[in-house]
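Everything on this sheet refers to the single structure shown next.
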Amino acid sequence: MHAERISEALQEAATGWGVDDIRFRLDRPKEPSHGDLASNIALTLASRLKRPPRDIAGDLAERLAGIAGVERIEVAGPGFLNFFLDAGVVGGVLQRIVAAGSAYGRGEDGAGRRIMVEFVSANPTGPLHLGHGRQAALGDVIARLLEWSGWNVHREFYFNDAGRQITRLAETVLARYRQLLGHDEPIPEGGYHGEYVVEIASAFLEREGRRYENDGGEAALAAMRHFAVDVLRDEQKRDLAGFNVRFDEYYSERSLYSDGRVEATIRALEATGLTYGHEGALWLRTTRFGDQKDRVMVKGDGSATYFLPDVAYHMSKWERGFREVVNVQGSDHHGTVDRVRAGLQALGRPEGYPEYLLHQMVTVERGGEEVRFSKRSGSYTTLAELVDEVGADVARYFFLMRRPEAHLTFDLDLALDQSDKNPVYKVKYAHARLCRLSELARERGWAGADSGLAQRADTSRLEAPTERELINQLGEFPGFLRRAASTRAPHVICDYLERTAGLVNTWYQTGHPTRNPGLSALVGDDELRNARLTLSLAARIVLRNGLAILGIEAPERMVRDE
RNA sequence: GUCCCCGUAGCUCAGGUGGAUAGAGCGACUGCCUCCUAAGCAGUAGGCCCCAGGUUCGAGUCCUGGCGGGGACACCA
């Protein structure tokens with residue numbers, strides 16, 4: 001790439017002046033009239049060299065004047081260097097994009113190393129809600145971004161099938177079961193009020209008959225618990241599959257007890273000498289590692305707090321070889337971050353293990369009013385209901401288009417809108433219309449856009465400002481992808497795609513035959529047409545790859561629902 | 001009281017390691033289809049970037065202190 005060559009030349013010049021540790025930028029300016037590339041190096045050198053930045057810039061411009069591929073260099077503003085590249089150099093990126101095809105944007109930052117992304121991790125006590133939906137979308141796309149960046153990614157879902165919540169669920173199902181058999185039985189204190197519990201109870205009745213009608217004992221509760229957890233886990237898996245999210249592994253909290261990991265963790269922590277007894281409980285000195293207060297490991301009644309299986313679980317991640325772990329969780333879990341890390345540090349794991357991405361909650365609005373209620377769940381809107389209403393693609397996109405740390409308002413009216421107002425359709429439509437261009441070319445007896453055409457196309461013919469800007473935008477895709485992956489920020493991809501789609505549409509409209517026949521993609525000039533079809537193919541590839549990272553389909557045609 | 005996140009256009013939100021005139025979508029207004037899908041494009045209007053200090057050539061961005069909103073602070077999983 002020419003950017004690297006220019007960057008090196010700038011660095012060399014600085015070294016020549018005795019400054020070899022200078023930090024500067026060389027990137028695409030927001031304003032196209034500022035060239036294809038711009039650098040602030042003269043401004044950063046000014047204080048070191050004690051010279052006016054514009055003088056430095058002038059010297060640099062002269063020095064770099066002969067560099068290949070650079071048409072001209074301008075000194076602008078307070079001392080920026082603006083580089084204008086040869087049209088052939090700019091257009092050359094299109095051939096590279098087409099050659100890379102569905103791999104365009106892939107990188108090697110991960111170098112094949114393993115990384116785990118843990119996300120969703122919902123309790124099997126009810127249907128998934130919108131917070132889980134946001135988390136499912138975030139976790140899945142972060143996983144995809146990491147895969148595109150060369151990591152070997154493992155997707156994991158941890159489910160709490162051991163605690164008091166599950167017991168409460170079993171008690172509620174049992175109560176509903178007996179209600180179905182005509183008994184007057186109240187929902188237990190702290191039980192689950194959703195409709196789904198009745199469904200589970202009636203399925204249980206169908207399978208087991210009246211067997212547990214007068215049995216509220218341990219055996220009945222155990223049977224109920226197994227049954228309900230199975231049903232709900234299946235439902236959660238179905239909802240996730242319908243949302244285009246799959247996991248490599250589901251990890252059970254119960255298994256941490258049955259395979260002795262919890263017990264082993266207690267012993268290992270005791271061996272560190274950082275534990276102590278107090279008021280009948282066993283504590284760990286987590287304050288030693290920056291926690292706000294020490295934590296109880298084993299309660300006075302001999303049972304473990306959730307802290308212990310959490311530590312045991314993360315030790316399992318480490319022991320399975322995952323040195324890189326990203327936990328995607330709701331921000332309501334932020335209180336557990338320090339103590340889990342403290343427990344792990346006590347056992348010798350590195351500070352800051354694992355990495356956490358905490359996201360804010362989701363609210364839904366329709367007609368400007370917040371939507372809260374769902375009959376089936378008892379209170380919250382479920383993910384399945386949302387996907388049913390707007391489709392998986394739209395739901396995914398809306399969950400992803402905001403920064404994870406920012407609260408998300410899901411606007412149902414906008415999500416259901418099939419017009420330009422809806423950013424998902426804007427991006428999809430741009431892709432579809434580019435596909436259509438190539439089809440039309442073939443219908444008219446010309447060559448369509450393919451890699452063969454791209455190789456022989458003279459892309460230096462693409463000189464219109466709208467073309468140049470779009471080409472530069474396409475060339476930046478790998479950089480955006482890399483940044484999105486390393487900062488765990490899927491919304492960066494959404495922003496990039498919307499901007500790209502906007503430039504595609506501008507280019508397309510500017511060349512509309514009724515307005516500017518000369519700028520149309522399907523002009524009679526073979527050479528020019530082929531160059532433009534190559535541009536359209538490269539843009540298609542970028543939009544398709546970007547949507548693939550988001551787990552969203554890139555249609556070749558858009559059919560509007562009426 | 002302690003900790004985390006947020007505060008940018010009427011609304012919902014973007015704004016790499018500090019850089020040129022702070023952007024997008026929606027909403028409002030004005031144009032553009034005999035001819036590549038108008039599911040689109042072009043343009044206008046709309047801003048004390050919560051406030052006050054500080055760091056420097058330069059701050060929406062970094063530091064400190066406030067104010068406002070949300071969340072977390074259990075021998076609850």
Side-chain angles (χ1 to χ4, degrees), chain A residues 23 25 27 29-31 34 38 40 43-44 46-47 52-53 76-80 82 123 125 159-168 190 253 278-283 292-293 295-301 303-307 309-310 330-338 358-361 365 368 401-409 411 413-414 417-423 425-426 428-430 432-434 436-437 439-441 443-444 479-480 482-483 486-487 489 491-492 494-495 498-499 502 504-515 517 520-522 557-560:
Chain A
R23 285 155 58 97
R25 294 174 51 163
D27 46 24
K30 282 179 284 192
E31 176 61 44
H34 292 153
N40 65 346
L43 284 94
T44 62
S47 62
F80 288 98
N82 294 340
N123 289 349
T125 54
F159 62 101
N160 297 40
D161 51 351
R164 189 180 298 174
Q165 308 279 347
I166 297 295
T167 305
R168 240 179 235 145
E253 183 190 12
H278 178 63
E279 291 178 355
L282 185 63
W283 296 66
Q292 291 202 324
K293 51 177 285 194
R295 303 294 168 175
V296 171
M297 300 161 53
V298 182
K299 295 186 249 180
D301 66 3
S303 64
T305 63
Y306 63 92
F307 167 67
D310 273 358
S331 61
D332 53 334
H333 285 75
H334 108 267
T336 68
V337 173
D338 284 348
L358 302 178
H359 65 85
Q360 293 285 322
M361 292 299 136
E365 278 187 8
M401 67 187 187
R402 304 295 178 220
R403 280 154 65 230
E405 311 82 63
H407 172 87
L408 178 71
T409 303
D411 183 341
D413 301 314
L414 182 58
D417 196 306
Q418 294 195 15
S419 77
D420 54 309
K421 296 174 191 170
N422 190 329
Y425 287 108
K426 178 177 178 171
K428 288 186 173 217
Y429 179 57
R433 74 183 351 168
L434 291 172
R436 184 66 184 143
L437 275 182
E439 253 180 58
L440 280 166
E443 281 172 21
R444 293 179 193 182
F480 273 86
R482 189 175 186 205
R483 181 159 66 91
S486 64
T487 60
H491 75 278
V492 166
C494 295
D495 286 348
E498 281 175 55
R499 170 103 179 113
V504 164
N505 286 331
T506 297
W507 171 71
Y508 180 92
Q509 287 293 343
T510 306
H512 199 281
T514 57
R515 189 170 307 144
S520 169
L522 302 178
R557 280 198 112 107
M558 294 286 281
V559 182
R560 188 181 208 160

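Lettering of chains follows the sequences in order, A, B, ..., and the numbering in each one begins at 1.
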_Tell me every residue that passes salt bridge (Lys or Arg N to Asp or Glu O under 4.0 Å) with A:Arg164, counting only those two or more places apart in sequence or in another chain._
none
*Tell me, please, which residues at least two apart from A:Arg295 pass salt bridge (Lys or Arg N to Asp or Glu O under 4.0 Å).*
A:Asp291
Whole-angstrom distance between [N] and [M], as gauged at atom [atom1]:
N     : M     : atom1 : answer
B:C50 : B:C33 : C1'   : 46 Å
B:C76 : B:A72 : C1'   : 14 Å
B:G10 : B:C51 : P     : 14 Å
B:C26 : B:G19 : C1'   : 31 Å
B:G65 : B:G1  : P     : 15 Å

Looking only at side-chain N and O atoms, does [X] come under 4.0 Å of OP1 or OP2 in [N]?
X        : N     : answer
A:Ser303 : B:C75 : no
A:Thr305 : B:A74 : no
A:His407 : B:G71 : no
A:Lys426 : B:A24 : no
A:His512 : B:A42 : no

_First encountered from the 5' end of RNA chain B, between A:Ser47 and A:Ser331_ = A:Ser47
*Identify, between A:Asp161 and A:Arg23, the residue whose nearest nucleotide on RNA chain B lies closer to the 5' end.*
A:Arg23
Pair partner, [N] [Watson-Crick or wobble, under 3.5 Å]:
N     : answer
B:U21 : none
B:A14 : none
B:A74 : none
B:C41 : B:G31
B:U56 : none
B:C49 : none

*B:C36, B:A42, B:A14: which one has an atom nearest the side-chain heavy atoms of A:Ser520?*
B:C36
_I want to verify a distance call: between B:C13, B:C75, B:A39, whose nearest atom is closest to the A:Val296 side chain?_
B:C75
Taking all non-hydrogen atoms of both residues, which atom of [X] and which atom of [Y] are closest, and how far apart?
X        : Y        : result
A:Met558 : A:Ala432 : CG-CB, 3.6 Å
A:Gly330 : A:Met361 : CA-CE, 4.0 Å
A:Ala46  : A:Pro53  : CB-CD, 3.9 Å

Is [X] touching bases, backbone alone, or none of the nucleic acid, heavy atoms closer than 4.0 Å?
X        : answer
A:His359 : nothing
A:Gly330 : nothing
A:Tyr508 : base
A:Leu437 : base
A:Thr514 : base
A:Asn123 : base
A:Arg433 : sugar-phosphate

Take the protein atom [atom1] of [X] and the nucleotide atom [atom2] of [N], then report the distance between them rounded to whole Å.
X        : N     : atom1 : atom2 : value
A:Asp27  : B:G16 : CG    : P     : 11 Å
A:Asp413 : B:U12 : CG    : P     : 15 Å
A:Asn422 : B:C13 : CG    : C1'   : 15 Å
A:Glu498 : B:C26 : CD    : C1'   : 12 Å
A:Met401 : B:A14 : CE    : P     : 10 Å
A:Gln509 : B:G43 : CD    : P     : 13 Å
A:Arg515 : B:C41 : CZ    : P     : 11 Å

Under the side-chain contact (heavy atoms from CB on, under 4.5 Å) test, which residues partner [X], sequence neighbours left out?
X        : result
A:His334 : A:Leu358
A:Ala162 : A:Glu253, A:Arg254, A:Tyr257
A:Glu365 : A:Thr409
A:Ser303 : A:Lys299, A:Asp301

*Does CZ belonging to A:Arg168 count more than 12 external heavy atoms closer than 6.0 Å?*
yes
_Please check: side-chain N/O of A:Asn40 versus main-chain N/O of A:Arg25, any donor-acceptor pairing under 3.5 Å?_
yes
So which protein N/O to nucleotides 19-21 of chain B N/O distances come out below 3.5 Å?
from: B:G19; atom 1: OP2; to: A:Arg25; atom 2: NH1; distance (Å): 2.8
from: B:G19; atom 1: N7; to: A:Asn40; atom 2: ND2; distance (Å): 3.0
from: B:A20; atom 1: OP2; to: A:Lys30; atom 2: NZ; distance (Å): 3.4
from: B:A20; atom 1: N6; to: A:Asn82; atom 2: OD1; distance (Å): 2.9
from: B:A20; atom 1: N1; to: A:Asn82; atom 2: OD1; distance (Å): 3.2
from: B:A20; atom 1: N1; to: A:Asn82; atom 2: ND2; distance (Å): 3.2

*What's the base orientation of B:G16: syn (chi within 90° of 0) or anti?*
syn
_Going by ring pair (Phe, Tyr, Trp, His ring centres under 6.0 Å), name the residues that satisfy it together with A:Phe480, two or more places apart in sequence or in a different chain._
A:Tyr496
*Indicate for each nucleotide in nucleotides 2-8 of chain B, in 5' to 3' sequence, whether protein heavy atoms under 4.0 Å reach the base (B), only the sugar-phosphate (S), or nothing (-).*
SBSSS--
